[in-house]
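The next block holds one structure in the form of structure tokens; read it before the comments.
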Amino acid sequence: MDSIDHRTVSDGKEVYASYYVHAGRVKYACSGVDNGTGMTSRVNYDDNIFFVHAMVKSLRSGLILDVDPELFKDKVLEDIFFVDSTLMKILSQLRDNPNLIRRAEYLKALLRVENAFLDFLGDILAAERPLAESLTPFSHKVRACRSSHQTTHTELQSMLHRPEDHAPEEDVVSQEELGFLLQEDEDSDESDG
């Protein structure tokens, strides 16, 4: 498995990023050490966002089915609040890490999930199917959740339109330094030969 690693320090945290190829797809993993606590954390944004998006799609598909609401309403309600908190945690991680490699890409992916989640919550509030109708007693909570995610949606859009989120990455090694390093390699090759 080929891997490219990158290290940076941001806000007192050392962040290690790795790109690797898995199943023919380039993946990205980010881990960091908070120098205040010494705790290591590893975040795979691609997979986290993909999994939450798959959950939202599954929940939305479930509303179309003619399932027994008494069997599924509690689980659907639990999943709504799980997705809600998970999306907020991912957004918080992205908001707190402005120097993250591929941050804009993750924000766009998160925005797609937010769109799908808002559509799903709208379907529940429309209460056109038996499962959605069974959630009517919780409509005030669903409405509050939807309002919160509309705000999040707006925040994500504004984050994506900020110039700093689309600025090209700065060279880690300046052209002068690169020339100096290459010159040292040439000098050592000549002295070896």
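Just so it is clear, the values below take in all heavy atoms, side chains as well, and ignore hydrogens, waters and symmetry mates. We number each residue from 1, following the sequence as shown.
- Screening residues 74-86 for salt bridge (Lys or Arg N to Asp or Glu O under 4.0 Å), with sequence neighbours left out, gives Lys75-Glu78, Lys75-Asp79.
- No single ILVMFWY cluster, assembled from side-chain heavy atoms under 4.5 Å apart, contains both Leu118 and Leu91.
- Interatomic distance, CG of Leu65 versus CZ of Phe72, reported as 8.5 Å (0.5 Å rounding).
- Formation of a donor-acceptor pair under 3.5 Å by the Ser92 side chain with backbone atoms of Met88 is not found in this model.
- Ile90 has its side chain out of reach of Tyr106: every pair of non-hydrogen atoms, C-beta onward, lies at least 4.5 Å apart.
- Residues passing the side chain to side chain donor-acceptor pair (under 3.5 Å) test with Glu105 are Arg102, sequence neighbours excluded.
- Using a distance-only test at 3.5 Å, with no hydrogens or angles considered, a donor-acceptor pair links the side chain of Ser139 to the main chain of Thr136.
- Of the possible polar contacts, one joining the Thr86 side chain to the Phe82 backbone as a donor-acceptor pair under 3.5 Å is found.
- Using a 4.5 Å cut-off on side-chain heavy atoms (C-beta onward), Glu114 and Leu87 make contact.
- The shortest non-hydrogen separation linking Leu110 to Ile49 is N-CG2, 4.2 Å.
- In this structure, CG on Asn115 lies 9.0 Å from CG on Leu156, to the nearest 0.5 angstrom.
- What you find for His53 and Ala116 is that their closest heavy atoms are NE2-CB, 3.8 Å.
- In terms of the side chain to side chain donor-acceptor pair (under 3.5 Å) criterion, Asp119 has no residue partners (sequence neighbours excluded).
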Atom pairs and distances, donor-acceptor, side-chain atoms in residues 122-131, under 3.5 Å, two or more places apart:
from	atom 1	to	atom 2	distance (Å)
Asp123	OD2	Arg60	NE	2.6
Asp123	OD2	Arg60	NH2	3.2
Arg129	NE	Ile64	O	3.4
Arg129	NH2	Ile64	O	2.6

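- Other residues, nucleotides and ligands contribute over 12 non-hydrogen atoms within 6.0 Å of the CZ atom of Phe81.
- Taking CD of Gln150 as the reference point, atom SG of Cys145 lies at 10.0 Å (rounded to 0.5 Å).
- Distance check, rounded to the nearest 0.5 Å: NZ of Lys108 to CD of Gln157 gives 13.0 Å.
- Between the OH atom in Tyr45 and the CG atom in Leu107 there is a gap of 10.0 Å [rounded to 0.5 Å].
- Applying the ring-ring contact (aromatic ring centres under 6.0 Å, His included) test to pairs two or more places apart or on separate chains, those with a residue in residues 113-136 are Phe117-His149.
- The side chain to side chain donor-acceptor pair (under 3.5 Å) check on Arg95 picks up Glu155, with sequence neighbours excluded.
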Val142/Leu135 under side chain to side chain contact (heavy atoms under 4.5 Å, CB included): CA gap, chis, key distance, verdict: CA-CA 9 Å; Val142 173; Leu135 297 172; 5.5 Å; no

